[in-house]
Amino acid sequence: MTTLVQSVDWLAIAPPTLTALVALALLVADLFLPEARKPLLGLGAVAGLALALLSLLPLLDGDRATFCVDGAGCGYRADHFALTVQLLVLGGALLTALLSFTAVREQRLPAGEYWFLLLSSAAGAALLPAARDLATLIVALEVATLPSFALVGLRHGERRSAEAALKFFLSSVTATAVTLLGTAFVYASTGSVHLDAIAAALGDVDPQLRTLARVGVVLTLVGFAFKTAAVPFHFWVPDTYTGAPLPVAAYLSVVGKAVGFSGLALVTVRAFPSYGNVWGPALAVLAALTMTIGNAAALRQDPTRPSSAVRLLAWSSVGQAGYLLVPLASAAYTDRPEHALGATLAYALMYAAVNLGSFAAVALLGRGRLADFRGLYARKPALALLLAFFLLCLAGLPPGLAGLFAKLAVFEAAIDAGLGWLAVVTAVNVAIALVYYLRWTATLFRAPPEPATDAPATDAPAARDLPAAGAGTVTAVREKAPAEAPPRRPLALVTALALCGLLAVALSAAPQLILRLADTRLF
């Protein structure tokens with residue numbers, strides 16, 4: 001007799017549960033804290049995310065499942081795939097929290113709402129990779145996405161921020177509607193919401209329901225393609241990134257993508273393996289279009305345009321999404337789909353560290369133009385070297401060996417699957433990306449621009465025309481003028497930048513970690 005009583009393994013669900021509980025605690029604490037003590041909420045958010053990361057350690061020794069129903073399957077599974085993605089999203093959220101201290105203070109963002117929304121989104125992002133049924137998958141996806149709308153538009157009274165939030169909201173709502181329709185069709189044709197049961201049922205579906213099943217598979221993929229910002233569902237990315245607070249843009253570029261790609265990996269490899277002839281070619285075409293259009297748009301960025309540095313990172317993230325799609329597409333053509341997924345995760349970990357580091361460097365200088373980075377090495381050599389290293393990792397050039405080996409894992413996945421044409425397209429796009437990454441890197445080491453003068457030299461009075469007393473007065477004023485104090489460097493922002501740098505250097509010094517992850521048994 002089948003029982004509907006579900007067992008609960010509290011240790012297995014600890015990472016998303018702790019994050020959600022801390023989010024609620026911060027929201028309640030915000031009601032009682034005076035304005036002067038609001039920064040304590042940020043410290044609480046960092047401590048909560050660190051605690052959630054530590055809760056992953058007891059789960060490393062094995063595969064744990066919970067919310068299980070006899071004869072149907074389990075709704076939550078803490079396997080190697082889930083733990084790797086949870087490490088990525090919780091670590092990315094922790095670095096985002098460190099980036100956020102300065103933004104919350106300087107942009108006068110409501111602290112309680114900001115930290116609650118950030119941790120709520122992180123809780124949904126941590127839940128999604130462990131979801132093993134469609135209901136949990138959709139709920140986790142929306143819990144991760146809905147707070148992001150508010151985070152993007154949290155700067156009250158700013159038109160650009162409201163416009164960015166509206167574009168993000170409309171695109172995500174459309175994606176959710178399409179995904180729900182697709183999953184409803186899949187449920188109607190298989191009679192189950194558990195991914196393993198769906199995979200078994202789709203292999204022998206009723207002939208009268210095959211068309212419904214195919215449409216459901218396609219619509220589900222389209223919905224997740226919106227979430228990953230794959231072309232042609234990418235139009236919201238540049239305006240959303242430039243309109244959002246900078247830490248939120250960094251969060252969306254890393255954690256938001258991890259959510260979309262982990263969900264896409266689960267529904268394709270875990271739920272729809274028998275329909276690889278449908279989603280394999282579709283993802284391959286999406287990968288080629290996404291990387292080509294993203295890199296071409298990044299190449300055309302005007303360095304004098306306001307917020308051009310953030311726009312370049314936004315278009316770069318679209319191009320990077322194309323690289324992440326390559327191994328997922330390859331999983332349909334190989335007998336080792338887990339190896340292909342490992343390549344995607346390895347690339348995502350490298351990308352998360354260096355892309356968050358790039359956003360941290362931009363935040364430390366303030367939101368500006370690419371032209372503002374000219375001569376940065378002369379002013380701040382350590383920051384310039386770190387940013388150059390991040391850009392070289394993204395480009396896949398030494399000494400950024402982390403990026404090089406991650407790209408090799410992507411190429412290997414495509415070649416092993418027999419997708420030679422996709423490997424060629426990827427190689428061409430890597431060459432295109434080299435141009436704008438190296439152009440930005442070269443800007444850092446160019447001579448600083450000449451300081452602009454407020455008036456022509458002919459308008460200044462000659463020294464001989466000044467009376468002696470006036471000259472003495474000018475000299476005295478100059479002698480009394482205090483030296484300009486060096487700008488303060490926010491500790492949290494510098495810590496985030498240093499952590500990203502350490503991660504990137506560690507992955508470059510031991511690139512075998514990336515290749516080892518690509519060979520790990522994930523499911």
Side-chain angles (χ1 to χ4, degrees), residues 42 45-46 49-50 52-53 84-103 118 122 125 241 244-258 309-310 312-314 316-317 320 323-324 345-367 373 376-377 380-407 437 440-441 444 489-511 513-514 517:
V46 171
L49 290 169
L53 278 170
T84 303
V85 179
Q86 286 175 343
L87 172 65
L88 193 157
V89 298
L90 292 174
L94 177 60
L95 291 171
T96 302
L98 292 173
L99 289 176
S100 300
F101 280 86
T102 303
L118 180 63
Y241 282 25
L246 196 60
V248 176
Y251 178 83
L252 292 176
S253 73
V254 172
V255 179
K257 275 190 172 47
V310 178
L312 187 143
L313 288 174
S316 166
S317 73
Q320 298 287 343
Y323 302 145
L324 288 164
L345 288 181
Y347 197 96
L349 287 173
M350 179 281 303
Y351 169 75
V354 299
N355 205 62
L356 282 171
S358 301
F359 272 101
V362 174
L364 198 57
L365 291 175
R367 185 187 297 263
F373 287 81
L376 179 62
Y377 181 75
K380 299 178 179 179
L383 180 60
L385 290 174
L386 263 181
L387 179 55
F389 184 69
F390 295 144
L391 294 174
L392 291 177
C393 285
L394 288 171
L397 289 178
L401 295 180
L404 176 62
F405 276 76
K407 283 183 169 56
Y437 286 132
W440 191 356
T441 304
L444 304 175
R489 296 183 177 181
L491 178 61
L493 194 53
V494 173
T495 302
L497 184 63
L499 287 175
C500 291
L502 288 175
L503 286 172
V505 170
L507 290 176
S508 295
L513 296 175
I514 295 176
L517 177 62

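Positions are given from 1, in the same order as the sequence printed here. Not measured: the values here are computed from a predicted model.
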Margin query: I'd like to check the side-chain hydrogen bond (donor to acceptor under 3.5 Å, both in side chains) partners of Q320; sequence neighbours left out, ordered by chain and number.
Written below: Y347, Y437
Which pair of heavy atoms, one from [X] and one from [Y], lies closest together, and at what distance?
X: A504; Y: V354; result: CB-CG1, 3.8 Å
X: A348; Y: L324; result: N-CD2, 3.8 Å
X: L394; Y: K407; result: O-NZ, 2.8 Å
X: V89; Y: A258; result: CG1-CB, 3.7 Å
X: L387; Y: A361; result: CD1-CB, 3.9 Å
X: L392; Y: P398; result: CD1-O, 4.2 Å

Notebook entry, point to check: Who pairs with F359 by ring-ring contact (aromatic ring centres under 6.0 Å, His included), at least two apart in sequence or on another chain?
Noted result: none
Margin query: Among residues at least two apart in sequence or on other chains, which ones pass side chain to side chain contact (heavy atoms under 4.5 Å, CB included) with L502?
Written below: none
Next item on the list: Taking side chain to side chain contact (heavy atoms under 4.5 Å, CB included) as the test, write out the residues that go with L252, two or more places apart.
Entry: S148, V152, F168, T240, Y241, V248
Margin query: So for atom OH, which belongs to Y377, do other residues, nucleotides or ligands contribute more than 12 heavy atoms lying within a distance under 6.0 Å?
Written below: no
Checklist line | Whether S508 side chain and A402 backbone form a donor-acceptor pair below 3.5 Å | finding: yes
Margin query: Quick one, L356 and F390 - any side-chain contact, counting heavy atoms below 4.5 Å?
Written below: no
Check: Would you say L497 and L383 make side-chain contact, with heavy atoms under 4.5 Å?
Finding: yes
Quick one: pull up [atom1] in [X] and [atom2] in [Y] and give me the separation to the nearest 0.5 Å.
X: L386; Y: L364; atom1: CG; atom2: CG; value: 10.0 Å
X: M350; Y: L401; atom1: CE; atom2: CG; value: 11.5 Å
X: L491; Y: F101; atom1: CG; atom2: CZ; value: 9.5 Å
X: L397; Y: F389; atom1: CG; atom2: CZ; value: 11.5 Å
X: C393; Y: L503; atom1: SG; atom2: CG; value: 11.0 Å

Notebook entry, point to check: How far apart are the C-alpha atoms of L345 and L88, what are their side-chain angles, what is the distance that settles it, and do they pass the side-chain contact (heavy atoms from CB on, under 4.5 Å) test?
Noted result: CA-CA 9 Å; L345 288 181; L88 193 157; 5.6 Å; no
Contacts table for residues 93-100: side-chain donor-acceptor under 3.5 angstrom, sequence neighbours left out:
unit_1	atom_1	unit_2	atom_2	d
T96	OG1	G92	O	2.7
S100	OG	T96	O	2.6
S100	OG	Y114	OH	2.6

Next item on the list: Sequence neighbours left out, what pairs pass side-chain hydrogen bond (donor to acceptor under 3.5 Å, both in side chains) with at least one residue falling in residues 244-256?
Entry: S121-Y251, S253-N355
